[in-house]
Protein chains: 2
Amino acid sequence: MEHLKILMVTRNTLQESLVFEAVNELRNHATADEIYELIVKKYPGISKGTVYRNLNKLDRQNRIHKLEMPDGADRFDHCCHEHYHIKCGKCGRVFDVDMDAIEDLRQRIKATHGFEFTGYDIIFKGFCPECNK
Amino acid sequence: MEHLKILMVTRNTLQESLVFEAVNELRNHATADEIYELIVKKYPGISKGTVYRNLNKLDRQNRIHKLEMPDGADRFDHCCHEHYHIKCGKCGRVFDVDMDAIEDLRQRIKATHGFEFTGYDIIFKGFCPECNK
DNA sequence: AAAAAAATAATAACTTTTCCTATTTTTTAC
DNA sequence: GTAAAAAATAGGAAAAGTTATTATTTTTTT
């Protein structure tokens, strides 16, 4: 009998590398479409389905972070320290919000609801200084 | 010269009332489609565009609350006390999370980012007790 | 009563994402 | 090393959710 494979086996394809590099090159909370547009310049054969598949795979592997936006296309971010986001209601740009983690969130929910959560995103809405002029 | 009208003038139509009542009747974080389906039983002539238009109008008037979900259709809630939401990753249902407001959020952001926000939604992800069995 | 404004029904269009299918590439089994 | 199996791909269709368009109806203003 063979030993069990616990790890999900995924292949490292050229397309996956291109997607990973594009996210890390843009560093701009890019949408899947923006990432696709960057890659297609160098590698015209790539398809959007492949970009989406690899973005989601990389997110599952915690190699990039998928930020699900409530009012439009999801954004993809390189992995770094924990932070939150604020989206400008006028120009639509997404900015990082460096802030200490809200430490007791998990305990609050558990105490008041008996419900454990696996994750959360907080996206603030406002107007960036430029649009607020 | 006439006096200025500051308030936005909107008409109170039958359709608007039906939408408002449906949201308050369902009380279930209903989607626009679910609200449409409820109304169309009693008033078959209504169109989806009208439902969407009135839902957004009622949200702007703060008569209902539009909860923008990151991974699917927006939900519409009757207005009540401030609370947060948790969405089950399996059955997709949305539950209320009663919890003291995170009071110092606005100050945190201002202090670390110099950025005032106009709003935010926190949506937790997890598995509801039923799906967690 | 006539003109202007707002809301509507119906449908087209749009955006974002997933799904499907045939093909190609990579891995596994022998 | 070769054949069979599995995974990933390109391209395009399809799905989901929402907004925009247009002609018509309803309401308001004058």
Side-chain angles (χ1 to χ4, degrees), chain A residues 1-5 7-20 22 29-37 39-61 63-64 66-76 87 89 92 94 123, chain B residues 1-5 7-20 22 29-37 39-61 63-64 66-76 87 89 92 94 123:
Chain A
M1 186 185 176
E2 300 163 41
H3 68 276
L4 294 166
K5 271 191 195 168
L7 281 169
M8 191 174 326
V9 177
T10 57
R11 292 176 186 167
N12 302 93
T13 63
L14 169 63
Q15 290 86 345
E16 187 211 81
S17 299
L18 291 169
V19 170
F20 183 65
H29 312 101
T31 62
D33 196 62
E34 290 165 347
I35 291 157
Y36 168 79
E37 288 300 335
I39 297 171
V40 88
K41 284 182 203 161
K42 298 172 193 166
Y43 188 87
I46 202 160
S47 74
K48 266 192 188 170
T50 298
V51 172
Y52 274 101
R53 189 170 1 84
N54 280 296
L55 284 170
N56 284 315
K57 187 173 97 178
L58 290 165
D59 174 62
R60 281 195 303 277
Q61 295 172 347
R63 299 211 282 146
I64 66 174
K66 176 179 180 172
L67 178 63
E68 295 183 300
M69 301 299 289
D71 60 345
D74 296 339
R75 309 297 187 119
F76 296 89
K87 181 176 184 181
V94 176
I123 298 161
Chain B
M1 186 184 174
E2 303 163 38
H3 67 277
L4 292 167
K5 273 191 196 168
L7 281 170
M8 191 174 326
V9 178
T10 57
R11 292 176 187 170
N12 301 94
T13 63
L14 168 63
Q15 290 86 346
E16 188 211 80
S17 299
L18 291 169
V19 170
F20 184 65
H29 311 101
T31 61
D33 197 61
E34 289 163 349
I35 290 156
Y36 168 79
E37 288 300 336
I39 297 171
V40 89
K41 283 182 203 162
K42 299 171 193 168
Y43 187 87
I46 202 160
S47 76
K48 264 191 190 171
T50 298
V51 172
Y52 273 102
R53 189 167 6 80
N54 280 297
L55 285 170
N56 285 315
K57 187 174 98 179
L58 291 165
D59 175 62
R60 281 196 302 276
Q61 295 173 346
R63 298 211 284 145
I64 66 173
K66 175 178 179 174
L67 178 63
E68 295 184 299
M69 302 298 291
D71 60 345
D74 296 339
R75 309 298 186 119
F76 296 88
K87 181 175 185 182
V94 176
I123 297 160

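Residue numbers begin at 1 in each chain, while the letters A, B, ... track the order of the sequences.
Contacts of A:Y36 with the nucleic acid, taken as non-hydrogen atoms under 4.0 Å apart, are absent. At the heavy-atom level, B:D74 lies under 4.0 Å from the strands shown only through sugar-phosphate atoms. Across all strands, A:N54 comes closer than 4.0 Å only to sugar-phosphate atoms, never to a base (heavy-atom distances).
Taking atom CZ of residue B:R53 and atom C1' of nucleotide D:dA20, one finds them 11 Å apart after rounding to whole Å. Remark: C1' of D:dT24 and CD1 of B:I46 are 17 Å apart, rounded to the nearest angstrom. Put simply, CD on A:E16 is 15 Å from P on D:dA7, counting in whole angstrom units. The nearest whole Å value for the distance from the CG atom in A:L67 to the C1' atom in C:dT16 is 15 Å. B:Q15 places its CD atom 17 Å from the P atom of C:dA6, with the value rounded to the nearest Å. Protein atom NZ of A:K66 is 11 Å distant from nucleotide atom C1' of C:dT18, rounded to whole Å. Look at CZ on B:F20: it is 17 Å from P on C:dA7, rounded to the nearest Å. One can place NZ of A:K57 at 8 Å from C1' of D:dA8, the figure rounded to the nearest angstrom.
Residue B:T50 holds its OG1 atom at 10.5 Å from CG of B:L55, rounded to the nearest 0.5 Å.
Residue order along DNA chain C, read from the 5' end via each residue's closest nucleotide, puts B:L14 first among A:K48 and B:L14. Heavy-atom distances to DNA chain D give each of B:N12 and B:G49 a nearest nucleotide, and the one nearer the 5′ end belongs to B:G49. Remark on DNA chain D: of its neighbouring residues B:Y52 and A:P44, the 5'-side contact belongs to A:P44, judged by nearest-heavy-atom nucleotide.
Between B:L58 and B:F76, every side-chain heavy-atom pair lies at or beyond the 4.5 Å cut-off. With contacts defined as side-chain heavy-atom distances shorter than 4.5 Å, the pair B:H29/B:M69 does not qualify.
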Between B:K42 and B:L18, is a side-chain contact (heavy atoms from CB on, under 4.5 Å) present by the stated rule, with each step listed? CA-CA 9 Å; B:K42 299 171 193 168; B:L18 291 169; 5.6 Å; no
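Among the nucleotides C:dT17, C:dT8, D:dT27, the one closest to the side chain of A:A73 is C:dT17. In this structure, the nucleotide among D:dT18, D:dT27, C:dT16 sitting nearest to the side chain of B:A32 is D:dT18. For A:R11, the side-chain atoms get nearest to D:dA6 when compared with the rest of D:dA6, C:dA7, C:dT8.
Here the shortest heavy-atom pairing between B:E68 and B:D74 reads CA-OD1, 3.4 Å.
A sub-4.0 Å separation between OP1 or OP2 of D:dT18 and a side-chain N or O of B:N56 is absent. Residue B:T13 places at least one side-chain N or O closer than 4.0 Å to OP1 or OP2 of C:dT8.
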